[in-house]
Amino acid sequence: MKEACFSEAQEQQILQMFGKSQLRAGQRELIAAALAGRNVLGVLPTGHGKSLCYQAAAVLLGGTSVVVSPLIALMRDQVQGLKKIGIAAERFDSTLAPEEKAALLAALSSEKIRLLFVAPESLENVDLQRALAATSLMLFVVDEAHCVSEWGHSFRPDYLKLPDLFRRMRFRSAMAITATATLRVQQDLCTHFGVAAADVFSISPYRPNIIREVLGAADKLTCVCRFLENAANRPAVVYTRTRKGTEEVAALLQQHGFNAVGYHAGMKTETRESLQDAFLHNERDVLVATIAFGMGIDKPDIRSVIHYDEPTSPESYLQESGRGGRDGKPCRSLVLMNEAGCIDAQNRIYAAEPDAEGVQRAVRWLMLQGARAVSLWELGTTCDVPDDVPMRALWHLDKLGAVRIEERGYKFYKVKPLFPLQTILDGRDSAESARLSWLKEHPEGEVEDAALAWNCSYADAMAQLRECEASGEWRLTLRQQALYLRSYAPADARALAVELSAAYARRREADSARFHTLREMLCQAPCINAALESYFTGCTMPPCGHCSACKGKHPVLPVAPPPPAIPPHGELPELFRDNQRKRFLLGLASPGLMARRLWAHEHYGAASGTKWADL
């Protein structure tokens with residue numbers, strides 16, 4: 001039964017505007033709850049139309065709705081699509097030039113923007129907050145909402161502030177939306193955003209058109225080639241675990257005559273977009289990719305999704321396999337498994353946990369007194385921790401009132417004038433001429449030094465450097481992303497480091513449990529789809545009848561080869577921490593190892609295939 005706040009006329013308006021014939025299960029309920037001003041949680045399968053729920057609600061509500069999204073590329077695509085159908089949408093992110101940001105903020109203050117897409121960290125921008133405060137704020141949308149929950153499979157520290165921001169900025173209501181949330185994650189999100197149990201709309205993850213198959217494979221390349229020889233299995237996406245693996249598998253498939261191409265986040269933006277477009281328009285029919293491919297990509301006719309490397313959680317498996325068959329026609333999901341691949345997956349889970357010494361060093365680094373720009377690269381490589389560590393630590397320090405982020409920018413600048421200095425100075429006042437003359441004499445250095453010379457704040461120095469670039473008179477290069485921090489009060493660094501290390505240990509245990517759960521689903525469950533249903537919803541369903549398990553085909557995983565001999569200690573580089581030594585021997589990257597270029601060492605990865613616990 002349709003709620004009164006979402007009328008038949010409004011539904012027809014939305015269907016016509018977005019070119020749909022009807023709403024899918026869960027969409028009407030989510031839109032209606034948002035129109036009624038209630039906080040709501042939507043758990044909809046990949047390809048089910050999550051974005052339509054908040055886009056439709058925002059159009060009907062009027063005012064300004066904000067969508068928090070983790071990927072700039074995804075935001076860009078959505079904004080372009082909305083503009084094509086006449087909806088006033090914009091994005092606010094770090095790639096915008098100063099004049100673009102100024103124009104956007106002016107439009108926002110004038111209430112000319114219906115949907116604003118932002119990255120989580122952008123919401124901390126003071127100018128953006130000021131502009132939002134002057135508008136009629138309606139819906140606060142958190143896309144990929146599982147990132148808020150510590151129990152989610154891809155928890156992100158920059159999502160931690162979102163519940164507080166939602167309440168402080170006085171939005172009318174919130175919509176948290178995701179494709180993958182277990183009951184525990186759903187409970188966590190309901191607590192964070194004040195969602196009543198009646199306003200949780202969770203759709204079964206089961207999609208009958210996806211035929212799930214699992215195969216034990218020693219020679220994965222041969223299996224993929226045989227599978228792809230059948231034209232009915234193309235277009236296909238082949239998921240690999242690493243960028244290097246993506247390039248290698250794509251090259252091998254090309255050698256076997258397939259129109260394949262590799263795709264990963266390490267490529268230049270224009271290269272990725274070109275390859276993505278070629279796949280979307282069927283100029284290439286096999287895309288070998290890391291998980292960088294998929295979010296927000298709308299290609300309805302993908303006929304197979306192949307996991308060349310074992311997926312690491314039920315969440316990632318469901319999300320990635322769900323990118324096929326969006327047109328409702330049959331799609332095959334094939335997972336290739338062997339014991340060596342499972343060992344590698346488990347080793348990566350252990351390697352992702354920062355060790356206690358690195359965490360403590362990072363916390364102390366952040367708590368130095370005064371105000372200063374902290375290079376995330378310098379902190380990460382020196383302490384050998386990922387960016388996740390300082391960001392999570394800063395969230396805690398901010399809550400304690402000890403350290404706050406005043407500005408996001410860069411540590412180093414480099415400029416080159418494109419015209420004679422006298423031409424650039426023509427018509428400038430004395431203060432600006434003095435600043436630009438100083439810049440000509442100091443074409444390279446730290447942004448903090450420029451701020452000191454110009455007698456301005458770090459934020460102003462960053463803005464002035466960007467203005468130089470925007471003028472077309474200077475070429476600007478910025479290096480090493482930095483946070484400008486200010487200390488306000490002392491805090492117990494050791495206690496915080498212990499708390500963070502405990503949190504990372506919990507995450508490693510949870511990730512390991514997720515991987516073992518997935519392995520049991522794929523190798524032992526009587527029905528793979530029934531196992532997924534139980535995991536995500538707590539409900540039972542009858543056997544699907546068409547997965548490989550229902551057909552009695554449980555994979556037998558080829559055994560791993562014997563682990564290689566470990567090189568003598570004297571031949572290894574000097575590594576003072578046990579986890580660093582293990583990562584080096586297994587060939588698993590970390591900021592510290594990469595900064596020292598140890599990937600080029602003759603023994604890097606020498607113990608690959610050995611279990612983490614055996615080193």
Side-chain angles (χ1 to χ4, degrees), residues 66 68-70 93-94 118-126 128-129 140 142-169 174 176 185 188-189 191-194 352-356 358-380 383 385-409 481-508 510-511 591:
V66 172
V68 182
S69 180
D93 60 58
S94 57
V118 298
E121 63 274 10
S122 296
L123 281 172
E124 297 177 28
N125 184 280
V126 175
L128 177 60
Q129 290 188 10
F140 184 76
V142 182
D143 198 7
E144 304 295 330
H146 55 268
C147 296
V148 176
S149 172
E150 184 178 343
W151 305 109
H153 69 287
S154 55
F155 167 73
R156 286 178 51 153
D158 49 2
Y159 267 63
L160 283 170
K161 292 185 178 182
L162 297 184
D164 287 339
L165 281 166
F166 159 63
R167 282 182 279 272
R168 191 172 77 241
M169 298 176 73
V185 172
D188 208 11
L189 293 173
T191 300
H192 280 306
F193 293 104
E353 179 185 3
D355 58 43
V359 171
Q360 186 161 339
R361 286 186 182 185
V363 170
R364 293 189 182 282
W365 190 301
L366 296 170
M367 291 178 62
L368 294 174
Q369 294 301 304
R372 70 276 180 217
V374 172
S375 161
L376 293 176
W377 182 88
E378 187 179 6
L379 183 154
C383 303
V385 295
D387 286 353
D388 175 84
V389 172
M391 299 313 299
R392 192 162 182 168
L394 284 167
W395 180 81
H396 285 278
L397 291 168
D398 182 77
K399 297 284 277 188
L400 293 169
V403 179
R404 295 218 167 99
I405 301 173
E406 287 198 348
E407 183 69 20
R408 295 171 184 263
Q481 287 190 331
L483 303 172
Y484 194 76
L485 307 179
R486 187 176 298 276
S487 299
Y488 289 92
D492 189 335
R494 185 176 180 279
L496 176 54
V498 169
E499 182 180 351
L500 288 175
S501 292
Y504 283 114
R506 288 195 301 271
R507 188 173 76 178
R508 185 249 307 152
D511 287 347

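Computed from a prediction, not measured in an experiment: that's the story for all the values here.
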By ring-ring contact (aromatic ring centres under 6.0 Å, His included), Tyr159 pairs with (sequence neighbours left out) none

Separation between SG of Cys383 and CZ of Arg364, rounded to the nearest 0.5 Å: 11.5 Å

What I'd like to find out is whether the side chain of Leu366 reaches to under 4.5 Å of the side chain of Leu485, using heavy atoms alone. yes

Passes side-chain contact (heavy atoms from CB on, under 4.5 Å), Phe140 versus Met169? Steps please. CA-CA 10 Å; Phe140 184 76; Met169 298 176 73; 5.8 Å; no

On a heavy-atom basis, the closest approach of Ala505 and Glu353 is CA-OE2, 3.5 Å

With no hydrogens and no angle check, just 3.5 Å: does a side-chain donor-acceptor pair link Tyr504 and Asp355? no

Given side chains that start at C-beta, do those of Ile405 and Leu483 come closer than 4.5 Å, heavy atoms only? yes

For residues Ser69 and Pro120, report the shortest heavy-atom separation together with the two atoms involved. O-CD, 3.7 Å

Using side-chain heavy atoms (C-beta onward) and a distance below 4.5 Å, is Val148 in contact with Pro163? yes

Value for NE2 (His192) from CG (Leu162), rounded to nearest 0.5 Å, stands at 10.0 Å

Do Arg507 and Asp388 have side chains that approach each other closer than 4.5 Å (heavy atoms only, starting at C-beta)? yes

Determine, stepwise, if the pair Val118 / Asp93 fulfils side-chain contact (heavy atoms from CB on, under 4.5 Å). CA-CA 6 Å; Val118 298; Asp93 60 58; over 6 Å; no

Rounded to the nearest 0.5 Å, how far does CE of Met391 lie from CG of Leu160? 10.0 Å

So, taking the atom named CZ in Arg486 and the one named CZ in Arg404, what distance separates them when rounded to the nearest 0.5 Å? 12.0 Å

side-chain contact (heavy atoms from CB on, under 4.5 Å) evaluation trace for Val403 with Tyr488: CA-CA 6 Å; Val403 179; Tyr488 289 92; over 6 Å; no

With the threshold set at 4.0 Å, does a side-chain nitrogen-carboxylate oxygen contact exist between Arg392 and Asp158? no

Minimum-distance pair of heavy atoms, taken over all atoms of Pro390 and Leu376: CG-CD2, 4.1 Å

Output all residues satisfying ring-ring contact (aromatic ring centres under 6.0 Å, His included) with Tyr484, sequence neighbours left out; order by chain, then residue number. Tyr458

What is the minimum heavy-atom distance between Met367 and Asp492, and which atoms define it? CE-N, 4.5 Å

With no hydrogens and no angle check, is any side-chain donor or acceptor of Ser501 less than 3.5 Å from a backbone partner on Ala497? yes

At their closest point, which heavy atom of Pro354 faces which heavy atom of Val385, and how far apart are they? CB-CG1, 4.2 Å

If you measure from CZ on Arg372 to OG on Ser487, what distance do you get to the nearest 0.5 Å? 4.5 Å

Considering only heavy atoms from C-beta outward, does the side chain of Val389 approach that of Pro386 to under 4.5 Å? yes

I'd like to know whether Arg408 forms a salt bridge (Lys or Arg N to Asp or Glu O under 4.0 Å) with Glu124, so could you lay out the CA-CA distance, the side-chain angles of the two residues, the decisive distance to 0.1 Å, and finally the verdict. CA-CA 9 Å; Arg408 295 171 184 263; Glu124 297 177 28; 3.3 Å; yes

Do Val68 and Asp143 come within less than 4.5 Å of each other through their side chains, counting heavy atoms only? no

Is the shortest side-chain heavy-atom distance between Asn125 and Gln129 below 4.5 Å? no

Provide the closest heavy-atom pair for Leu397 versus Ala491 in the form atom of the first, atom of the second, distance. CD2-CB, 4.3 Å

Would the number of heavy atoms belonging to other residues, nucleotides or ligands and lying under 6.0 Å from CZ of Arg167 be above 12? yes

Side-chain contact test, heavy atoms from C-beta onward, threshold under 4.5 Å: evaluate it for Gln481 versus Trp377 and give yes or no. no

Atom CZ in Arg506, atom CG in Asp511: separation rounded to 0.5 Å? 12.5 Å

